[in-house]
Amino acid sequence: MWKSDDASPTVVAGTLNCLARLFRFAVKLGDLSASPMSAVERARAGVERVTPTLMVEEVDRLAVACDLVSRRYGDYVRLAALLGLRAGELTALQVGD
């Protein structure tokens with residue numbers, strides 16, 4: 001998805017950071033024992049790497065797996081990945097939005 005949209009490294013890093021925060025929160029609440037983001041490699045500053053691209057089907061599989069823990073986590077994954085929300089935008093969402 002990111003690759004086909006030519007997303008900037010900043011957008012990719014922001015999305016990964018948002019997901020990392022979401023999963024840290026799930027661990028803090030006790031909904032997960034560990035964050036799945038710990039297995040995600042992130043590019044280091046000054047080192048160009050190919051960023052893995054999630055296809056819509058992969059985002060859905062991740063969201064479905066998150067739904068097994070709590071529906072809210074699957075919804076957050078879908079919103080972040082499919083709408084390209086930044087971390088602050090995602091965490092600021094209210095029910096009425």
I need the Leu19 CG to Arg24 CZ distance, nearest 0.5 Å.
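Result: 11.0 Å between the selected atoms.
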Could you note down all residue pairs passing salt bridge (charged side-chain N to carboxylate O under 4.0 Å, His left out) where residues 63-74 supplies at least one of them, sequence neighbours left out?
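Pairs touching residues 63-74 that pass the test: Asp31-Arg72, Asp67-Arg71, Asp67-Arg78, Arg71-Asp75.
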Might you point out which heavy atoms bring [X] and [Y] nearest each other, and give the distance in Å?
| X | Y | answer |
| --- | --- | --- |
| Val77 | Cys66 | CG2-SG, 3.9 Å |
| Ala80 | Thr15 | O-CG2, 4.5 Å |
| Leu90 | Cys18 | CD2-SG, 3.2 Å |

List in chain and number order the residues that pass side chain to side chain contact (heavy atoms under 4.5 Å, CB included) with Leu83, two or more places apart in sequence or in another chain; answer none if no residue qualifies.
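Partners of Leu83 under the side chain to side chain contact (heavy atoms under 4.5 Å, CB included) test: Leu79, Leu85.
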So does Tyr76 have more than 12 non-hydrogen atoms from other groups sitting under 6.0 Å from OH?
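Count not over threshold, so no.
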Met37 and side-chain contact (heavy atoms from CB on, under 4.5 Å): which partner among Leu16, Val27, Leu22?
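It is Leu16; the other options fail the test.
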Keeping to residues at least two apart or across chains, list the side chain to side chain donor-acceptor pair (under 3.5 Å) pairs with something in residues 56-66.
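Sorted result for residues 56-66: empty, none.
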Test of understanding: clusters of I, L, V, M, F, W, Y form through side-chain heavy atoms closer than 4.5 Å, transitively. Do Val64 and Leu32 belong to the same one?
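No, Val64 and Leu32 fall in different hydrophobic clusters.
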